[in-house]
Amino acid sequence: MNLLAELRRRFAQALEKLDNEAISAAQWEELARLVLPCQHPRFGDYQANLAMPLARQLRRPPAEIARQLGELADVSPWCLPPEVTAQGFINLRVSDERLAALLHDLLPDERLGVPLAAPPLSYVIDYSAPNVAKPMHVGHIRSTVIGDALYRTLKFLGHRVIGDNHLGDWGTQFGMIIYGYRHFRDPQAYARQPVAELGRLYRLVNQLIEHEEACAQLPELKRRAAATKQSLEQAEAALRAVPPTDSAGQKRAAAVRRKCEAALAAAEAELAEARARIQAVESDPQLASLAAAHPQIGAAVLAETARLHAGDPENVRLWREFLPACRAEIDRIYARLGVRFDVTLGESFYHDRLPQVVDELLARGIAQHSEGAVCAFVPDMPAPMIVRKRDGAFLYATTDLATIQYRMEAWSPDVILYVVDHRQSEHFRLLFAVARRWGYQQVALHHLSFGTVLGEDGRPFRTRSGDTVGLESLLDEAVARAYRIVCENDDQKPDGPELSEEERRQVAETVGIGAIKYADLSQHRTSDYVFSYEKMLATKGNTATYMQYAYARVRSIFRKGGEQPEAIRALAPPIMITSPAERALALLLVRFPEALADVVEDFCPNKLTAYLWELANSFSTFFEECPVLRAPTTELRQSRLALCDLTARVIRRGLDLLGIGVCEKM
RNA sequence: GCGCCCGUAGCUCAACGGAUAGAGCAACGGACUUCUAAUCCGUAGGUUGCAGGUUCGAAUCCUGCCGGGCGUACCA
């Protein structure tokens, strides 16, 4: 049961009973949303803040309205009689007796009190979506982890959910490895380890293309750096020319100078990057000769891609040969991450549909020819959505439209969620607008954007040499650090180490992967965050490790006491609330359903991490203050064991919904 | 230039239009003969970028400014 939702219902009923024509029925539910959890326990557990906004409408003092609503609202049996303040707040406190009863009911409940959604909706979640020909990197973490957490949570709430991995399996990257395969492959290496060899070919071709582009851009970049330098000098001169008495003028000129400084820094950085790319190839004789032997490699790669798309038998054959190996590679990483999909329909799946999509858009007047391309113009958007290029090729925008069409035909979902980084928000605004005009008006389309993973320097997370960081090496590093922490802790246990080497490895894997996922999920989805092994593996604070530790402590109590959780559940002892620590823990246990409702309200998993952190913290306090095995009476011991069991189950379930595991010992 | 997002404790971040803005890290002071100290308890730290406005009530909504990130017609 969701207690908050229930109290809101009661207050909506109270408004109805108020029988005041000034308040429309439509307002009841809206006002009832002003029943909220208290920010501070001194005011109680929940508060109803609806008297204040009603005061003007009803032309009566808020305190008086609050008193009346407090009487009309039937908050029994859960809450004590409401207390009303002079400002008009209605404070609600859950009665200890009922709290105990609620927990007692929770004990045998597999769902831990979480109600099934009524009615259930059907969702398609589009997440992860890496390009399969290149190794997965740090940039894929967020989409994968957030999407998976939302998938699990929506499913647990009883919705019909289809997790769809919209792979990039049809793009230029395949042109690159086809080209690489034709010209640079090492047959023995390919026979031995095809994925590694394809990865090498991808990186090699990519490097040669970057070299070619950098060479081509170099004069322009030099020119731009010189020009920005000049405008900076002008801006500085202009600033000096402003008389000191003109403070407004000074400010304006200083702002211009700052802008020029930033532009110069950007131009110089770009120039430096281009030079580094050229240097990387030319300092290596082998690479340099390859670059010389393959001029126009960029165009050649595009031609290979075009031949693939046009159905050239040899390129299609190679694509079919490469794809399984590439898929196996990412599947291995998904297995390690514990991420699953219901379907994996990559871009290639929609290839056949693209011409019809464009034709249909043209026929219905949604798109038109413009400068040789086919474009869908949308009011209030500065640029159109281009669905076919001048050269006749389709774009990912076209694929995205075809994907919506297919998903609607195949599953007719109520909601489609796209877990994709914030830089694509404009693309999605266009996409959704065009989809609406195309006739998909019922389905809710949400772009769940997220921020960038930053390094400790505040710049997007990269290696020291400036490369993106491979996802797998990230996992390995986190696990390696977790292993050191596990060993250090186990060696220091008062009764000596209790983990075997094998167990230590397993714990380290669970803790390390959990740390990475949790660090990501505990940030607000939309903000950037700084990637730090130190912080994510910290043993105090809002980390997976802390939750996992709390879970392990509970399990340890059961082990030491020779108790079985199933036995406690079957016994279903009365719950006794004898201290503030017990009460705080008990109330949080009852509020698990609220946390999950919060998560899906705006698709923010950090609501769940915040809840779990509070719960685990509350348990730690309880652990310090309330002896379980040595409780003064058998009844209290059993009651506390029941609290422990529920805590462990909520933590385990909560972490599971985030895609994070637990350990019995750590 | 235009568009989108962001500015909260020294640092990293929470906060649903609600009461005295919360955590963690770092700092300081306590608690292991007691179920895992990977812990707990306490102290200190704030003009929520600035200025207006809306509201009974604003970190939250609106306007302007300052500062930052990202995106801006044929890449994905």
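Source: prediction; values computed, not measured. The basis for the numbers below is simple: all heavy atoms, side chains too, and nothing from hydrogens, waters or symmetry mates.
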Query raised in the report: Given pairs defined as Watson-Crick or G-U wobble with both distances under 3.5 Å, what dot-bracket annotation applies to RNA chain B, with ( ) intrastrand, [ ] crossing, | other strand and . unpaired?
Result: (((((((..((((....[...)))).(((((.......))))).....(((((..]....))))))))))))....
Determine the interatomic distance between [atom1] on [N] and the same-named atom on [M]; round to the nearest Å.
{"N": "U43(B)", "M": "A9(B)", "atom1": "C1'", "answer": "15 Å"}
{"N": "G22(B)", "M": "G45(B)", "atom1": "C1'", "answer": "13 Å"}
{"N": "C5(B)", "M": "G64(B)", "atom1": "P", "answer": "14 Å"}
{"N": "G10(B)", "M": "G49(B)", "atom1": "P", "answer": "13 Å"}
{"N": "U47(B)", "M": "A21(B)", "atom1": "C1'", "answer": "13 Å"}
{"N": "U20(B)", "M": "G29(B)", "atom1": "P", "answer": "34 Å"}
{"N": "U8(B)", "M": "G53(B)", "atom1": "P", "answer": "24 Å"}
{"N": "C6(B)", "M": "G17(B)", "atom1": "P", "answer": "14 Å"}

Looking across every strand, which nucleic acid part, if any, lies under 4.0 Å from [X] by heavy atom: base, sugar-phosphate, or nothing?
{"X": "Met385(A)", "answer": "nothing"}
{"X": "Tyr546(A)", "answer": "sugar-phosphate"}
{"X": "Glu347(A)", "answer": "sugar-phosphate"}
{"X": "Cys663(A)", "answer": "nothing"}
{"X": "Tyr551(A)", "answer": "nothing"}
{"X": "Ala373(A)", "answer": "base"}
{"X": "Asp495(A)", "answer": "nothing"}
{"X": "Cys375(A)", "answer": "base"}
{"X": "Arg429(A)", "answer": "sugar-phosphate"}
{"X": "Leu629(A)", "answer": "base"}
{"X": "Glu371(A)", "answer": "base"}
{"X": "Ala552(A)", "answer": "base"}
{"X": "Arg390(A)", "answer": "base"}
{"X": "Val628(A)", "answer": "base"}

Should [X] be listed as having a side-chain N or O under 4.0 Å from OP1 or OP2 of [N]?
{"X": "Arg553(A)", "N": "A37(B)", "result": "yes"}
{"X": "Thr539(A)", "N": "U39(B)", "result": "yes"}
{"X": "Ser449(A)", "N": "C70(B)", "result": "no"}
{"X": "Asn49(A)", "N": "G18(B)", "result": "no"}
{"X": "Ser522(A)", "N": "A14(B)", "result": "no"}

Is any side-chain heavy atom of [X] closer than 4.5 Å to a side-chain heavy atom of [Y]?
{"X": "His422(A)", "Y": "Thr452(A)", "value": "yes"}
{"X": "Thr510(A)", "Y": "Val662(A)", "value": "no"}
{"X": "Phe531(A)", "Y": "Leu454(A)", "value": "no"}
{"X": "Tyr551(A)", "Y": "Phe619(A)", "value": "no"}
{"X": "Met536(A)", "Y": "Ile516(A)", "value": "yes"}

As a test of reading the structure: which of [options] is closest to the side chain of [X], going by heavy atoms?
{"X": "Glu426(A)", "options": "U36(B), A38(B), G3(B)", "answer": "G3(B)"}
{"X": "Leu395(A)", "options": "C75(B), C35(B), A38(B)", "answer": "C75(B)"}
{"X": "Thr172(A)", "options": "C13(B), U36(B), C75(B)", "answer": "C75(B)"}
{"X": "Leu36(A)", "options": "C75(B), G18(B), U39(B)", "answer": "G18(B)"}

Could one point to a donor on the side chain of [X] or the base of [N] with an acceptor on the other under 3.5 Å away?
{"X": "Tyr549(A)", "N": "A38(B)", "value": "no"}
{"X": "Thr85(A)", "N": "A19(B)", "value": "no"}
{"X": "Asn91(A)", "N": "A19(B)", "value": "yes"}

Query raised in the report: About how many Å separate NZ of Lys517(A) and OG1 of Thr609(A), when rounded to the nearest 0.5 Å?
Result: 14.5 Å
Report task. Could you grab the distance from atom CZ of Arg142(A) to atom CZ of Arg525(A), nearest 0.5 Å is fine? Result -> 9.0 Å
Query raised in the report: Considering heavy-atom distances to RNA chain B, does Ser556(A) or Phe43(A) have its closest nucleotide positioned more toward the 5' end?
Result: Phe43(A)
Report task. Find which nucleotide of RNA chain B each of Gly168(A) and Asp602(A) is nearest to by heavy atoms, and output the residue with the more 5' nucleotide. Result -> Asp602(A)
Rounded to the Å, how far apart are [X] [atom1] and [N] [atom2]?
{"X": "His422(A)", "N": "A76(B)", "atom1": "NE2", "atom2": "P", "value": "20 Å"}
{"X": "Arg56(A)", "N": "C56(B)", "atom1": "CZ", "atom2": "C1'", "value": "8 Å"}
{"X": "Arg637(A)", "N": "C35(B)", "atom1": "CZ", "atom2": "P", "value": "14 Å"}
{"X": "Leu34(A)", "N": "C56(B)", "atom1": "CG", "atom2": "P", "value": "15 Å"}
{"X": "Glu498(A)", "N": "U36(B)", "atom1": "CD", "atom2": "P", "value": "8 Å"}

Query - Geometric cation-pi criterion, Arg591(A) with Tyr611(A): 6.0 Å, 45° - result: no
Query raised in the report: Has the side chain of Ser128(A) got a donor or acceptor atom that lies under 3.5 Å from a matching backbone atom of Thr144(A)?
Result: no
Query raised in the report: Counting distance only, does the side-chain N/O of Ser522(A) pair as donor-acceptor with the main-chain N or O of Tyr518(A) below 3.5 Å?
Result: yes
Please list, for nucleotides 30-32 of chain B, all pairs of protein and nucleotide N/O atoms separated by less than 3.5 Å.
none

In plain terms, say whether [X] and [Y] are close enough for a salt bridge, that is, a side-chain N and a carboxylate O under 4.0 Å apart.
{"X": "Glu563(A)", "Y": "Arg637(A)", "answer": "yes"}
{"X": "Glu6(A)", "Y": "Arg9(A)", "answer": "yes"}
{"X": "Asp490(A)", "Y": "Lys493(A)", "answer": "yes"}
{"X": "Glu582(A)", "Y": "Arg640(A)", "answer": "yes"}

Strictly under 3.5 Å: I want the nitrogen or oxygen pairs between protein and nucleotides 21-24 of chain B, one per line.
unit_1: A23(B); atom_1: O2'; unit_2: Trp613(A); atom_2: NE1; d: 3.1

Query - Syn/anti state for C40(B) [syn: chi within 90° of 0] - result: anti
Report task. Decide, applying a 5.5 Å centre-distance limit and a 30° plane-angle limit (both strict), whether Phe89(A) stacks on A19(B). Result -> yes
Requested in this report: Assert yes or no for the condition that the ring centre distance of Phe450(A) to His524(A) is strictly below 6.0 Å.
Outcome: no
Query raised in the report: Aromatic ring centroids of Phe432(A) and His446(A) under 6.0 Å?
Result: no
